[in-house]
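These notes concern the structure reproduced below.
Numbers here are sequence positions counted from 1. Keep in mind the model is a prediction, meaning the values are calculated, not measured.
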Amino acid sequence: MSFGVKKIATIFVPRSLRWQFRLALTILALLIATASWISFLSLRQSVAHTRQLAGGRLVQMEAMQELGKTAMLIELETNRMLSAVTEERIQTSYTQIIPLLDKLDRQAGQLGSKEDDIAVLAMYQAEQIFRNIIHVVVGLRTLELQGTSPAGGRNNRQRFSDELARQASAMAAATGKLSTRGKDDYQAAVHNLAVASEKSSRLVLTIFIVSMIAAWLFFYFVLEKRVLARLHEISRHLLWEAAQTGHALVAVRGGDEIGRMARSVEQFMADRLQLAVTNRVLQQTNDMLQSILNAAPTAIIDLDLDGNVHSIWNKAAEKMLGWSAAEVIGRPLPTVPMDKEGEFQRFREQIRKGLTLNGVEVQRCRRDGSPIDFSIFASPLYDDMGNVTGNIAVMVDISERRRMEDALREIKNRLSTMINTIPDLIWLKDPEGVYLTCNPEFELFYGAAEKDILGKTDYDFVSGELAAFFRKKDQEAIAAGRISINEEEVVYRSDGRHVTLETRKVPVFDANGSVLGVLGIGRNITERKRMEAQLLSSENRLRDILNSTSDWIWEVDAKGCYTFCSEGIQRVLKYRPEEMLGRTPFDLMPSEEQGRGRTAFLELVEQKAPLVDLENWNVAKNGRRVCLVTNGVPLLDDQGDLLGYRGADRDITVQKMLQIQVQERTEELERSNRELEQFAYAASHDLQEPLRMVASYVKLLARRYKGKLDADADDFINYAADGAERMQRMINDLLAYSRITTKGQEPELVDSTNCLKTALANLSLSIEEAGADVTNSDLPQVLADENQINQLFQNLVGNALKFSKPGEIPRIHVDAIQQDKELLFSVRDNGIGIKKEDQDRIFQLFHRLHTREEYPGTGIGLSLCQRIVVRHGGRIWVESESGSGATFYFTLPLPKESNHV
């Protein structure tokens with residue numbers, strides 16, 4: 001401690017006052033040590049007393065708990081004994097109470113002496129009285145249970161039992177008093193211990209207060225007057241100097257340490273003033289340098305020897321690379337990847353060796369990961385000893401220049417590719433006619449490589465006359481100052497081809513307007529010339545064709561005015577072509593046709609639709625009416641706007657007249673057919689009644705006179721009856737044939753599968769008798785007369801059943817498929833088949849291929865089928881070979897909404 005006091009006095013106190021300072025500090029230290037020792041002893045004693053009290057209190061509490069437990073057990077057994085009804089129960093309780101009383105006596109002795117402690121004495125007396133009474137109560141209870149209790153014994157027993165209960169309560173009260181007395185003793189001991197601790201604390205506090213007062217008095221009367229006042233003056237001078245720019249003397253004198261300190265402060269303040277001036281100049285220089293760095297358009301940074309950014313990272317660097325100065329200063333240069341340790345080590349070694357770069361171009365990544373190209377200029381930094389301390393670098397963003405270079409290179413490559421792939425001849429000459437460049441096609445023209453052409457003139461490759469011609473055209477282009485176009489007949493030296501070139505020569509000027517040379521492009525127009533000649537020939541040929549054809553070719557504008565007419569109009573309408581220009585087709589129509597024709601034309605113009613087979617009447621120049629059919633196509637510009645129409649008119653007057661005649665004859669024929677059908681229906685219907693009468697009487701003759709006349713008479717009667725029946729069947733069939741058109745229903749959408757089922761139901765008996773197997777595919781819906789389709793299927797399936805092979809099960813299959821815009825049905829069988837030469841005749845009315853004895857029928861069934869199919873707009877035919885079955889096909893139009901097969 002003395003060494004510490006001496007050290008403090010040596011540092012902070014003048015030499016003349018050091019012994020007083022040492023004495024004061026030593027006394028203060030002794031006082032503090034004494035107070036600390038007293039406080040330690042007091043604390044130690046308090047802890048020991050507290051531990052002792054706590055241990056005694058714990059033992060006392062445990063004894064009190066055992067004492068209370070014993071008293072409770074005695075009271076419990078006493079109650080049991082008093083309520084016992086047997087001698088055995090009384091003796092058991094008695095034998096348990098006596099040991100418990102002995103134990104209670106011992107426990108009370110542990111808590112105190114009966115000679116010194118009144119509570120223990122009271123406990124002991126209550127226990128002795130209880131012990132004496134328990135003996136009496138046990139005897140009285142025993143006699144009572146034995147029945148030998150003396151007179152008044154029950155009252156005595158009750159009295160003694162009450163006294164026993166009272167003594168048990170007295171023992172419990174004594175136990176409580178012992179517990180209360182123990183707690184009071186513990187509280188008194190704790191109080192005494194607290195009083196003693198308080199006295200020790202007051203003593204220690206008094207010592208500390210005396211020490212502080214002594215120290216204060218010493219520092220006030222010794223240090224304050226002799227040291228602190230002078231030091232305060234020096235400090236005040238320092239504070240004053242901090243706020244002033246001038247220099248003043250310190251008002252402290254003396255030859256001691258404080259005096260010398262005052263002189264040192266004066267010198268320090270003078271040096272500080274000079275340093276402040278130097279710092280201001282340095283700050284101004286630094287601010288100017290910082291402004292220059294931040295204003296510089298290029299990134300400027302400085303690096304230490306470890307490759308870390310030292311102190312310079314200007315605004316341009318932040319903008320160019322994306323990192324702020326705060327993020328990179330003191331850290332490795334972010335553009336050098338840390339994950340590439342080898343590259344970073346080489347970079348650091350280069351800095352330490354004095355890295356110098358002069359426009360080295362590199363590519364790195366910005367903060368956002370985008371690439372950036374920049375050029376680096378770097379120089380080393382040296383200290384006063386010439387050692388390298390770091391490096392300063394200037395980075396110039398060359399991304400735009402690189403992009404422009406790449407774009408220029410791309411443009412140059414594209415231009416070179418374009419020039420080399422263009423089939424035209426391309427060359428460049430200087431003003432003297434010397435070749436500067438050319439493309440591969442030009443190499444073929446002169447039959448030499450580009451390197452053999454450059455630096456030479458036309459005189460080195462062609463005749464002097466042709467070279468002079470080329471030279472003259474070059475000079476004319478230069479003199480004109482604009483493009484010059486010529487046609488030249490030349491010969492390729494590579495293969496001897498004779499070609500016609502269309503040459504375009506244009507002078508090339510520099511920025512000052514001086515001629516740099518002549519750029520030439522030569523296009524081979526030999527094929528174009530040939531095609532022009534062919535086109536001219538084709539035009540002449542087409543003109544001859546137009547003039548020789550009977551059609552009239554024309555063109556009109558969007559308003560319908562003629563802009564062109566061929567010579568054919570003169571043959572058709574007797575007008576010359578020039579007479580029609582500016583007029584419209586409606587001007588040539590009869591008055592009753594003009595409005596309709598103009599309206600129809602305007603509708604087509606609005607839709608930009610073609611003119612297709614438009615029939616119109618026109619009046620020729622000689623007044624004759626001519627019927628024309630017009631066809632034309634719209635003429636559209638690049639934007640799709642209508643320019644007009646081009647087409648042709650054909651004179652169909654003769655055809656039109658014939659068509660009118662045919663129409664009139666057709667109408668007459670249809671009328672005649674209707675009359676014939678009506679006649680056939682009426683005839684067949686009217687013949688029914690007399691035919692039935694003839695048949696009835698013939699049958700009556702057969703029944704009445706059969707066997708009564710000779711054999712010939714019977715045969716004649718049979719022939720007449722059979723003929724009448726056949727005549728009746730033929731009339732019925734003829735009536736059904738005529739009803740197909742006269743009694744047919746309007747077509748509607750029907751399911752042909754249902755029609756087939758109806759037909760098969762009608763033929764069920766014939767199918768069962770023949771044991772036939774009739775199948776069908778899914779059949780579509782058709783637009784037809786349902787009854788006639790039923791009849792059609794019934795006739796075809798019935799025909800297949802009739803002409804089946806003897807001894808073979810007839811197999812018939814009905815199918816349907818879609819073909820284009822119609823449905824094709826087929827009915828296929830495995831019957832006897834039909835010869836090819838008979839396949840057309842079977843559809844004729846009443847035509848038969850077999851005798852009635854072989855196959856019955858009238859021969860009108862297939863005729864009915866054909867008439868039904870034709871009425872529905874279809875066709876019917878058969879495909880077969882004799883002995884191989886037959887397949888009948890018929891078609892029906894496809895309805896607009898059809899279920900596809």
Could you check whether atom CD of E606 has more than 12 heavy atoms from other residues, nucleotides or ligands sitting under 6.0 Å from it?
no

Could you work out, with side chain to side chain contact (heavy atoms under 4.5 Å, CB included) as the rule, every residue matching T599, not counting sequence neighbours?
E603

Here the pair of heavy atoms bringing C627 nearest to K656 is SG-CG, 3.9 Å

What pair of heavy atoms forms the shortest contact from M320 to A299, and how long is it?
CE-CB, 3.4 Å

Please collect all ring-ring contact (aromatic ring centres under 6.0 Å, His included) contacts where either partner lies in residues 451-476, sequence neighbours excluded, each pair once.
Y446-F461

Roughly how far, to the nearest 0.5 Å, is the CZ atom of F442 from the OG1 atom of T437?
10.0 Å

W617: which residues meet the ring-ring contact (aromatic ring centres under 6.0 Å, His included) condition with it, sequence neighbours left out?
none

V506 versus R504: any side-chain heavy-atom pair under 4.5 Å?
no

CZ/R583: more than 12 non-hydrogen atoms of other groups inside 6.0 Å
yes

List the steps, then state whether ring pair (Phe, Tyr, Trp, His ring centres under 6.0 Å) holds for W554 with Y575.
CA-CA 13 Å; W554 49 263; Y575 287 99; over 10 Å; no

For a 4.5 angstrom cut-off between non-hydrogen side-chain atoms, does S370 reach C365?
no

Quick one: ring-ring contact (aromatic ring centres under 6.0 Å, His included) pairs with a partner in residues 302-332, sequence neighbours left out?
none

R366, CZ atom: more than 12 neighbouring heavy atoms under 6.0 Å
yes

At what distance, to the nearest 0.5 angstrom, does CD1 of I652 lie from CD of Q659?
7.5 Å

Spacing of D302 atom CG and I329 atom CD1 [to the nearest 0.5 Å]:
8.0 Å

Beyond-backbone contact of K529 with E487, side-chain heavy atoms, under 4.5 angstrom:
yes

Using side chain to side chain contact (heavy atoms under 4.5 Å, CB included) as the criterion, list what pairs up with V508, not counting sequence neighbours.
L428, L516, L519

Quick one: pull up CG in L305 and OG1 in T389 and give me the separation to the nearest 0.5 Å.
6.5 Å

May I ask you to test the S399-F374 pair for a side-chain heavy-atom distance under 4.5 Å?
no

Using modelled atom types only, decide if a donor and an acceptor are shared between the side chain of S484 and the backbone of K505 within a distance under 3.5 Å.
no

Mind checking what makes side-chain hydrogen bond (donor to acceptor under 3.5 Å, both in side chains) contact with R331, not counting sequence neighbours?
none

Any pair counted as ring-ring contact (aromatic ring centres under 6.0 Å, His included), so long as it reaches residues 494-540, sequence neighbours left out
none

Shortest non-hydrogen contact from P585 toward N618
O-OD1, 3.9 Å

With rounding to the nearest 0.5 angstrom, report the OG to CE distance, S566 to M580.
11.0 Å

Less than 3.5 Å apart, any donor N or O on the side chain of T653 or D651 sitting next to an acceptor on the other?
yes

Suppose the criterion is ring-ring contact (aromatic ring centres under 6.0 Å, His included): which pairs have a residue in residues 619-653, not counting sequence neighbours?
F601-Y645

Across all chains, not counting sequence neighbours, the salt bridge (Lys or Arg N to Asp or Glu O under 4.0 Å) partners of R624 are none

Residue set satisfying side chain to side chain contact (heavy atoms under 4.5 Å, CB included) with A609, at least two apart, ordered chain then number -> L604, Q607

Does any part of the side chain of N631, heavy atoms only, come nearer than 4.5 Å to the side chain of V612, both counted from C-beta?
yes

What closest approach, in Å, do G513 and D510 show between heavy atoms, and which atom pair accounts for it?
N-OD1, 2.9 Å

Within the structure provided, determine whether V572 and D649 are in side-chain contact (heavy-atom separation under 4.5 Å).
no

Does L444 have any side chain to side chain contact (heavy atoms under 4.5 Å, CB included) partners at least two apart in sequence or in another chain, and if so, which?
E441, Y492, S494

Here the salt bridge (Lys or Arg N to Asp or Glu O under 4.0 Å) pairs for residues 449-473, sequence neighbours left out, are K429-D458, K473-E476

I need the minimum non-hydrogen distance between L642 and P634, along with the two atoms involved.
CD1-CB, 3.6 Å

Nearest 0.5 Å, please: how far is CD in Q594 from OG1 in T584?
8.0 Å

Does K319 NZ have over 12 foreign heavy atoms under 6.0 Å away?
no

If we only count heavy atoms from C-beta on, is the N524 to D424 side-chain gap below 4.5 Å?
no

At their closest point, which heavy atom of D383 faces which heavy atom of N387, and how far apart are they?
OD1-N, 2.7 Å

Within the 4.5 Å heavy-atom criterion, are N358 and F377 side-chain neighbours or not?
yes

